[in-house]
Amino acid sequence: MFVPCGESGPDLSGCTLLLPAVSVGNVGQLAIDLIISTLNMSKIGYFYTDCLVPMVGNNPYATAEENSTELSINTEVYSLPSRKLVALQLRSIFIKYKSSSFCEKLLSWVKSSSFARVIVLSSSHSYQRNDLQLRSTPFRYLLTPCMQDSAQNEIQSLNWQEMEKTPCIPEMSDSDYCVRIPGGGITRTLYQESCSKEIPMAVLLKFVSEGDNIPDALGLVEYLPTPSTLPWKIPSSWKLLFGSGLPPALF
Amino acid sequence: MAATFFGEVVKAPCRAGAEDDEEEEEERRRETPEDREVRRQLARKSLATFHLGSQSAPWTRDTNLRSSCLSLPQCRDYSGTVPSERFLSSTPSGREVRLLRRQTKASLEVALLEKYSCSRFIIAVGNNAVAFLSSFVMNSGVWEEVGCAKLWNEWCRTTDAVHMSPTEAHCVFYHLKSNPSVFLCQCSCYVAEDQQYQWLEKVFGSCPKKNMQVTVLTCRHVTDYKTSESTGSLPSPFLKALKTQNFKDPVCCSLLEQPNIVHDLPAAVLSYCQVWQLPAVLYLCYTDVMKLDLLTAEAFKPVLSSRGLKGLAKNVPQSTEILRKLMTANEVQSNIYT
């Protein structure tokens with residue numbers, strides 16, 4: 001459930017909600033970190049559920065000593081009222097068999113808060129691309145039917161490529177075709193549920209491999225329709241992503 | 001996917017954690033009736049149970065593990081009202097719990113801290129933190145046992161969840177006889193990820209008391225600490241702290257710097273306190289010795305001057321001696337000649 005930081009809940013109606021899927025390379029989560037850090041979004045509350053592994057740490061977007069001691073938890077909501085933008089950040093993985101429950105709670109909150117649209121940032125395994133996908137841009141989008149009408153012109157001007165449908169059972173030649181997002185975590189569930197619940201949702205994803213996924217995250221946020229003209233600000237929490245310093249005795 | 005040296009193609013672990021829902025669904029569809037029965041039996045073992053006794057056993061007596069259950073309290077929303085959605089409505093059957101009085105075995109519908117008034121709640125997670133509180137705090141006063149959590153998960157060393165011996169890992173709750181609003185929890189068992197929220201609901205309930213201060217003590221291995229120096233050069237053990245927004249008192253050591261994070265039960269407790277605006281502080285001891293260790297346990301000493309533990313430790317030199325004896329008693333005496 002959404003729990004605000006203050007005494008009363010902010011009015012989120014008409015806002016655009018950005019959220020990541022916990023997916024291959026954590027690209028969506030890195031992208032949301034970039035957006036929150038660059039736009040200097042303020043924390044407005046928590047999306048507190050029993051669906052994600054608990055974790056805590058100090059402020060991952062700290063810029064000075066004064067704001068470095070604010071505690072952060074695994075699911076937090078940030079906002080930029082001037083642009084009617086809200087971002088939900090997920091910082092840990094789902095507890096086994098709880099991902100569907102999370103999707104249900106999330107979409108229920110989306111409906112009750114009257115968000116204008118939802119944008120999911122995600123990724124998919126690059127090794128699962130077919131020949132056509134290997135030869136094209138690594139970025140893909142998906143729109144729910146009610147989003148297609150409003151976003152069609154914008155999509156065409158941005159020259160995005162829609163996620164192809166692939167055989168549901170890859171080895172079978174007469175298999176039905178459906179949208180598959182291997183490595184995408186809850187992306188497909190969110191998309192399918194939003195289609196049936198008539199929620200305006202856009203999914204933006206990139207085909208990636210595990211590794212240093214910072215360039216992938218930068219690529220994904222630049223694929224968005226210009227939320228920022230500023231250079232992207234790397235959050236302070238991104239240091240030491242690959243571990244502590246090395247012992248000098250090693251050399 | 002990844003190829004091994006022997007030419008096998010295996011599924012490489014993904015940093016994103018679980019793969020698509022479709023793979024989990026596929027696994028569930030492939031289950032045979034025998035698989036389902038095994039899963040049901042595992043779920044029964046994983047029940048987290050609490051027991052409240054009307055007659056509490058003082059700390060100085062050995063306590064035997066008892067089993068009972070707690071019901072699931074309803075969760076609350078930020079306005080303080082109780083919404084219709086139960087926090088654990090998605091819990092699979094077999095993992096739901098009930099609260100029972102030890103003597104009458106009657107059900108109680110409240111969480112531990114909803115039954116009792118609490119001004120201070122101190123929790124030790126892990127053997128060194130437990131040893132520290134045992135020696136410095138519990139031996140300085142008379143503490144009565146008010147509850148016990150018995151739980152089983154894959155990390156427990158016993159396969160028998162029903163007949164665990166008192167010396168097995170467990171989670172016990174006490175209050176101070178001279179000031180019953182001071183609570184202490186000694187948790188030397190591992191509370192699994194899917195049990196942590198259950199634990200929170202059963203201890204704190206759905207109506208967190210904003211005048212209650214929470215102190216958490218735990219240890220992590222020093223290799224978990226991220227720093228630009230090599231962790232081998234760090235003077236361990238050392239203490240770091242994390243506090244919630246509503247915690248206004250000074251802390252006894254420096255705060256945990258980014259990009260370091262905490263998880264497991266201490267993180268679950270702190271998250272709960274942050275969300276529901278309770279003052280809480282976590283003292284985390286980074287050590288290179290995870291088994292019971294005198295230096296590690298003593299590293300928590302600065303916490304004795306904090307408001308959460310103020311007045312609870314009476315004779316520090318005597319407590320230090322008790323801790324030393326506790327360590328000696330727990331050392332494995334190894335002599336290949338006897």
Side-chain angles (χ1 to χ4, degrees), chain A residues 1-5 7 9 22-26 45-46 48-51 53-60 62 68-71 73-74 91-101 123 127 180-189 210 236-241 243-249, chain B residues 1 12 14-24 28 75 77-79 83 85 87-92 193-194 196-198 200-201 223 225-233 242-245 255-272 274-277 282:
Chain A
M1 68 180 81
F2 176 70
V3 181
C5 288
E7 288 303 315
V22 181
S23 58
V24 57
N26 306 104
Y46 311 95
Y48 190 58
T49 69
D50 62 343
C51 302
V53 172
M55 56 73 58
V56 289
N58 275 326
N59 184 7
S68 64
T69 59
E70 297 161 11
L71 194 72
I73 70 166
N74 58 0
R91 299 198 174 97
S92 62
I93 56 173
F94 290 103
I95 291 170
K96 206 166 175 62
Y97 304 130
K98 296 274 189 176
S99 56
S100 302
S101 167
S123 53
Y127 69 81
R180 289 176 64 244
I181 310 174
I186 59 170
T187 310
R188 198 174 90 128
T189 306
E210 294 273 4
S236 53
S237 57
W238 282 20
K239 60 185 178 199
L240 304 174
L241 271 180
S244 294
L246 297 171
Chain B
M1 305 296 272
C14 174
R15 289 207 318 266
E19 293 292 333
D20 291 356
D21 285 352
E22 62 193 21
E23 298 195 19
E24 288 186 19
R28 278 198 283 266
C75 59
D77 64 14
Y78 58 84
S79 65
E85 176 194 325
F87 196 54
L88 295 175
S89 58
S90 58
T91 306
E193 289 157 358
D194 61 324
Q196 288 159 15
Y197 285 100
Q198 284 187 59
L200 288 172
E201 283 281 312
T223 50
Y225 183 70
K226 284 192 180 167
T227 171
S228 51
E229 309 163 39
S230 159
T231 51
S233 62
L242 278 175
K243 59 185 174 80
T244 61
Q245 193 168 0
L255 291 174
L256 186 64
E257 313 87 351
Q258 273 286 349
N260 292 289
I261 58 171
V262 174
H263 38 89
D264 294 334
L265 186 64
V269 171
L270 219 64
S271 297
Y272 179 94
Q274 173 73 0
V275 169
W276 300 117
Q277 298 176 24
L282 161 66

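A quick note: this is a predicted structure, and the numbers were derived from the prediction, not measured. We name chains A, B, ... by the order of the sequence lines, and we start the count at 1 in each one.
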Checklist outcome for this item: Note: A/Asn59 and B/Gln258 closest approach over all heavy atoms is O-CG, 3.5 Å

Checklist entry - Rounded to the nearest 0.5 Å, what separation is found between the CD atom of B/Glu257 and the OG atom of A/Ser236? => result 12.0 Å

Checklist outcome for this item: Among B/Leu270, B/Leu242, B/Thr244, B/Thr223, the residue with the most heavy-atom pairs under 4.5 Å to chain A is B/Leu242

Next on the checklist: So for B/Leu265, is it side chain, backbone, both, or neither that comes closer than 4.5 Å to the heavy atoms of chain A?
Outcome noted: neither

Item to check | Leading residue by heavy atom contact count with chain A [cutoff under 4.5 Å; candidates B/Ile261, B/Asp264, B/Leu282] | outcome: B/Ile261

Checklist entry - Do you know which two heavy atoms are closest between B/Gln277 and A/Cys5, and how far apart they sit? => result NE2-O, 3.0 Å

Next on the checklist: Apply side-chain contact (heavy atoms from CB on, under 4.5 Å) to residues A/Val3 and B/Trp276 and explain how you reach the verdict.
Outcome noted: CA-CA 8 Å; A/Val3 181; B/Trp276 300 117; 3.8 Å; yes

Checklist entry - Picking from A/Asn74, A/Leu241, A/Leu240, A/Val56, which has the most non-hydrogen pairs under 4.5 angstrom with chain B? => result A/Val56

Item to check | Whether B/Thr227 side chain and A/Ser244 backbone form a donor-acceptor pair below 3.5 Å | outcome: no

Next on the checklist: Working to the nearest 0.5 angstrom, can you tell me the gap between A/Met55 CE and B/Glu193 CD?
Outcome noted: 13.0 Å

Checklist outcome for this item: So, the part of B/Gln196 with a heavy atom under 4.5 Å from chain A: the answer is side chain

Next on the checklist: Shorter than 4.5 Å, heavy atoms on both sides: which option in A/Asn58, A/Thr69, A/Ile73 has the most such pairs with chain B?
Outcome noted: A/Asn58

Checklist outcome for this item: Most heavy-atom pairs under 4.5 Å with chain B, out of A/Ser123, A/Gly243, A/Pro54, belong to A/Pro54

